2 protein chains.
Amino acid sequence: MAKGTSKSGEITINDIAKELNIAASTVSRALNNSTKISEATKQKVRKVAEELGYEINLVASSLSKNKTNLIGVVIPNINSQFFAHALSGIQEEAKAAGYNVIISQTNESYEQEVEVMKVMNSARVDGLIVSLTMETKSTDHFNALVRKSVPIVMFDRVNFSVPGPKIVVDNYEASFKATQHLIGNGCKRIAHLAGNLSCKVFEDRAEGFKEALNKNILPLLPQFLLACDLNEKDTREAMKLWMSLDERPDGIVVASASSGLMIASIARSYGVTIPGDLAIISLGNERCNELMIPSISAVDMPGSEMGKAAAINLIETIKTGHIEDRIILKPIQLLMRNSTFKMA
Amino acid sequence: MAKGTSKSGEITINDIAKELNIAASTVSRALNNSTKISEATKQKVRKVAEELGYEINLVASSLSKNKTNLIGVVIPNINSQFFAHALSGIQEEAKAAGYNVIISQTNESYEQEVEVMKVMNSARVDGLIVSLTMETKSTDHFNALVRKSVPIVMFDRVNFSVPGPKIVVDNYEASFKATQHLIGNGCKRIAHLAGNLSCKVFEDRAEGFKEALNKNILPLLPQFLLACDLNEKDTREAMKLWMSLDERPDGIVVASASSGLMIASIARSYGVTIPGDLAIISLGNERCNELMIPSISAVDMPGSEMGKAAAINLIETIKTGHIEDRIILKPIQLLMRNSTFKMA
DNA sequence: TTGAAAGCGCTAACAT
DNA sequence: ATGTTAGCGCTTTCAA
């Protein structure tokens, strides 16, 4: 067998070359199915490669081609259903196109996001898919990648000061429709549990909420628009405040699915009936929303769809080299369930 | 400024070297904080590196060092809460130790698992974390990695014919306890919706179930142990069968969290009261279990914990080079909720 | 403490 | 259609 086995103990194209008494470059071309290699040679090369158990070393290939076939994914966290679905969609599309996916969470921390960009830079990813943290305001940490023309696709939590395709939903519309839906079902005193308003997603949701009240000549009552981090603690506090009021809200538009579920649960502990005393609709849908009793109305944000679109657009951008500032708007869906039908 | 800028447009150690009129090797050593470089030189090198915006090319470094600092993660899917938590835990530990994570889903397909192994092999991952598909019987597709002594840590869906640490829970115990719990709450006609029994996890769960019946001198009624793929279709069919019986089960041990939630939902559509007519406990816990009404009892499998343990053990194995067949058993927790308290 | 040079495994001119 | 050669950017002997 091949005697010139490489240092690392791996089979290389040199081993195949020696075995067949041909040049390594010929082996490389054969394995890459170059048109200028005879079928006969390709056959022989493939056979020996198979026999020797050769698997291409992508590290060497990447260095040589100055292209890693690696897509970096940077998201706030993997645990949320929305991002998990997005990641899953990204991975499927990437795999189909022959790309590998390298992933890092930022845990909603701007500082971590900055660090992660350095790692992705060093890993020489061919492109990046990002959903920003709630904290992120500056996008200077993308400059290094942008300068090198590394394609960057942002989805959901986007910032338009970074060039490249954006995959978004219309959060204003989502919130507007949700609020409208509550109003249509007789709610008069509607509250909104918002996320961090410096994050565009949550700002738009708050705006849609306010505009719907406006259009329907309903007042925005004091303390009925509360912005927070949408974690359990903040959600609990918001509810505590609302439940302490003489005139409690009779409907709540919640800026996230997980907070919506919590609110439903917390409401029960206050002896509040849903939807009788309080209607609830959340911006973002999880499977749980459907299974709960009562089921929780929601506006569905298509995580998997958005992830797939992000990957497809990124790969196209990588291939063409043209970084376009297009905006892809994914449709949302109002899911009317039992938590909002006061009349039912 | 540096005129010898590299072909790819990236700043390299050569650029730094030229700038300072020193050798590239010195720059390399300085940046790697080698002990045999003067502080003065280190300072100068770091300063220029900073100024030039140098970021190490990990591809080149990997090729040279024959080490990628890459951990491959192969799981059935990202969408399930269990695996999402595991992945999240893995990523956190990897990041803390300076490793990057490359991820691929197998979608419960053996064929895809085989393909993914080739990719991970080509990517030259330093180690692999795997949870097998339900279909996987042979582990021949791991042989290439095993021969090269690439550390492989398996968690949850493990196979002991592949050497390396295993992170598991005691599925037999989980199922035994769950069944015992139902029996303790007065169930006499207990059914088990099992997963693919050729998968050890589900085999163990079925065994634990049977043994608990045995120990309590309860019969395993015909058709009361149904194995399936635990998807929605199969779950629905199982329920259809059970609900068609003259004597329906009065308790069900479900082999997955998601199927458990479906069963609760399906049961309601049959007009069955939970837990009055039917008690339900699932092996695997999701946040939804707690929020539903009635809340669904479950045995919690610590996904994040298992992921972290997998990463920690993998990294240790990579560092020591000793592939040990140790088994790390993570504790499970019986979460008694309202779906199982007939007496309450 | 630093430099020179070879090499990791592959690809891509260029030559034949 | 195939071979020769020169890198890709880094690390690592071996010298000095």
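What you see below is based on every heavy atom in this structure, not just the backbone, and it leaves out hydrogens, waters and symmetry mates. Here the structure is a predicted model, which means the values were calculated and not measured. Chain naming here is simple, since letters A, B, ... match the order of the sequence lines and numbering starts at 1 in each.
Residues B:K47 and B:E19 are not paired through a salt bridge, judged by the lack of any N-O separation under 4.0 Å between the basic side chain and the carboxylate. Between A:R326 and A:E316 there is a salt bridge, with a side-chain nitrogen of the basic residue lying less than 4.0 Å from a carboxylate oxygen of the acidic one. Taking the charged nitrogens against the carboxylate oxygens, A:E10 and B:R124 do have a contact shorter than 4.0 Å, which makes a salt bridge.
Between A:N14 atom CG and D:dT4 atom P the separation is 13 Å, expressed in whole Å. As a whole-Å value, the separation of A:N57 CG from D:dG9 C1' is 15 Å. Spacing between atom CD1 of A:I56 and atom C1' of C:dT11 amounts to 9 Å, rounded to whole angstrom units. With rounding to whole Å, B:E55 atom CD is found 15 Å from D:dC10 atom C1'. Look at CD1 on B:I13: it is 15 Å from P on C:dT2, rounded to the nearest Å. Between the C1' atom of C:dT2 and the CG atom of B:L20 lies a distance of 13 Å, rounded to the nearest Å. Going from atom CG of A:L58 over to atom P of C:dG9 covers 14 Å, rounded to whole Å. Regarding B:N33, its CG atom lies at a distance of 12 Å from the P atom of C:dT1, rounded to whole Å.
Heavy-atom nearest nucleotides on DNA chain C were determined for B:L63 and for A:K65, and the one closer to the 5' end corresponds to B:L63.
Evaluation of the side-chain hydrogen bond (donor to acceptor under 3.5 Å, both in side chains) rule for B:N21 yields no partner, not counting sequence neighbours. Residues that satisfy the side-chain hydrogen bond (donor to acceptor under 3.5 Å, both in side chains) test with B:S61, not counting sequence neighbours, are absent from this structure. Partners of A:K319 by side-chain hydrogen bond (donor to acceptor under 3.5 Å, both in side chains), not counting sequence neighbours: none found.
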Dump the pairs, protein N or O against N or O of nucleotides 3-6 of chain C, anything under 3.5 Å, distances to one decimal.
{"unit_1": "C:dG3", "atom_1": "OP2", "unit_2": "B:A23", "atom_2": "N", "d": "2.9"}
{"unit_1": "C:dG3", "atom_1": "OP2", "unit_2": "B:T26", "atom_2": "OG1", "d": "2.4"}
{"unit_1": "C:dG3", "atom_1": "N7", "unit_2": "B:R29", "atom_2": "NH2", "d": "2.7"}
{"unit_1": "C:dG3", "atom_1": "O6", "unit_2": "B:R29", "atom_2": "NH1", "d": "3.1"}
{"unit_1": "C:dG3", "atom_1": "O6", "unit_2": "B:R29", "atom_2": "NH2", "d": "3.1"}
{"unit_1": "C:dA4", "atom_1": "N6", "unit_2": "B:S25", "atom_2": "OG", "d": "3.3"}

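Side chains of B:N107 and A:E92: a donor-acceptor N/O pair is present below 3.5 angstrom, by distance only.
Annotation: the terminal axes of the helix from C:dT1-D:dA16 to C:dT16-D:dA1 meet at 40°, where each axis is the rotation carrying the C1' atoms of four end pairs onto the next four (5 pairs per end, rounded to 10°).
The only option from B:N33, B:T41, B:V27 that meets the side-chain contact (heavy atoms from CB on, under 4.5 Å) definition with B:R46 turns out to be B:N33. In summary, of the residues considered (A:K67, A:K148, A:K65), a salt bridge (Lys or Arg N to Asp or Glu O under 4.0 Å) with A:D126 occurs for A:K67 alone. Of the candidates A:V101, A:I103, A:I71, A:Q91 forms a side-chain contact (heavy atoms from CB on, under 4.5 Å) with just one, namely A:V101.
Ring orientation note: the planes of B:F83 and B:F155 are nearly perpendicular, at an angle over 60° on the 30°/60° scale.
Out of D:dT12, C:dG9, D:dG9, the shortest distance to the side chain of B:S28 is found at D:dT12.
Non-hydrogen atoms lying under 4.0 Å from DNA chain C are contributed by B:K36, B:I37, B:S38, B:T41, all within residues 36-43 of chain B.
An OP1 or OP2 oxygen of C:dT11 is reached within less than 4.0 angstrom by a side-chain nitrogen or oxygen of A:N32.
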